[in-house]
Amino acid sequence: MMNLLEMKCGYHAVIDKLPDGEAGQRLEALGLRSGKKIEKVSSMPFGGPVTVMLEGRHFAVSHSIAGQIEINGERKSAEKE
């Protein structure tokens, strides 16, 4: 298992687990849920936000929250399923 911080930019994966509490509730309100496929677009240095794409929409997630989002099935985004 890995988290969103460990995922490479330009790759996609499936969300396995969101953080507990208010942070997880806010992410779910944006449409990020377990089982959804996301793509990591960018990651800012020095603890900056991580940008992901879900269903054609871009979201910025704080560095600390990205470290709590567990993912699996990481693949290069250019691959077709």
Side-chain angles (χ1 to χ4, degrees):
M1 193 72 55
M2 64 190 309
N3 65 45
L4 189 55
L5 291 178
E6 298 166 326
M7 185 175 166
K8 297 174 190 165
C9 293
Y11 281 64
H12 67 264
V14 175
I15 298 172
D16 190 52
K17 184 175 183 247
L18 295 174
D20 294 326
E22 185 178 345
Q25 291 172 354
R26 288 178 182 246
L27 291 171
E28 284 184 356
L30 293 171
L32 289 121
R33 293 183 176 83
S34 295
K36 292 280 190 170
K37 185 171 113 176
I38 59 170
E39 178 180 348
K40 184 173 180 180
V41 177
S42 66
S43 183
M44 296 292 124
F46 309 112
V50 174
T51 305
V52 297
M53 186 164 52
L54 168 74
E55 299 172 345
R57 298 176 295 153
H58 286 83
F59 298 96
V61 179
S62 75
H63 185 86
S64 61
I65 298 299
Q68 298 176 53
I69 299 174
E70 295 179 7
I71 58 161
N72 63 46
E74 179 187 43
R75 290 196 171 114
K76 187 145 178 75
S77 291
E79 294 178 9
K80 300 292 180 195
E81 296 182 9

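Start at 1 with the first residue, then count along the sequence.
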Output the distance between atom [atom1] ([X]) and atom [atom2] ([Y]), rounded to the nearest 0.5 Å.
{"X": "Arg75", "Y": "Lys8", "atom1": "CZ", "atom2": "NZ", "value": "14.0 Å"}
{"X": "Lys37", "Y": "Glu55", "atom1": "NZ", "atom2": "CD", "value": "10.5 Å"}
{"X": "Met7", "Y": "Glu70", "atom1": "CE", "atom2": "CD", "value": "14.0 Å"}
{"X": "Leu4", "Y": "Ile38", "atom1": "CG", "atom2": "CD1", "value": "5.0 Å"}
{"X": "Ile65", "Y": "Leu5", "atom1": "CD1", "atom2": "CG", "value": "10.5 Å"}
{"X": "Lys36", "Y": "Leu18", "atom1": "NZ", "atom2": "CG", "value": "11.5 Å"}

Dump the intermediate steps for side-chain contact (heavy atoms from CB on, under 4.5 Å) on Met2 and Ile71, then the final yes or no. CA-CA 6 Å; Met2 64 190 309; Ile71 58 161; 3.6 Å; yes

For the residue pair Ile69 and Leu27, establish whether any side-chain heavy-atom pair is separated by less than 4.5 Å. yes

Strictly distance-based, threshold 3.5 Å: is any side-chain N or O of Ser34 a donor or acceptor partner for the main-chain N or O of Asp16?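 Confirmed, Ser34 side chain pairs with Asp16 backbone.
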
Restricting to non-hydrogen atoms, name the atom on [X] and the atom on [Y] that form the minimum distance, rounded to 0.1 Å.
{"X": "Val50", "Y": "Ser43", "value": "CG2-OG, 3.9 Å"}
{"X": "Cys9", "Y": "Ser42", "value": "SG-CA, 3.6 Å"}
{"X": "Phe59", "Y": "Leu30", "value": "CZ-O, 3.4 Å"}
{"X": "Gln68", "Y": "Pro19", "value": "OE1-CB, 3.2 Å"}
{"X": "Tyr11", "Y": "Glu74", "value": "CD2-CG, 3.6 Å"}

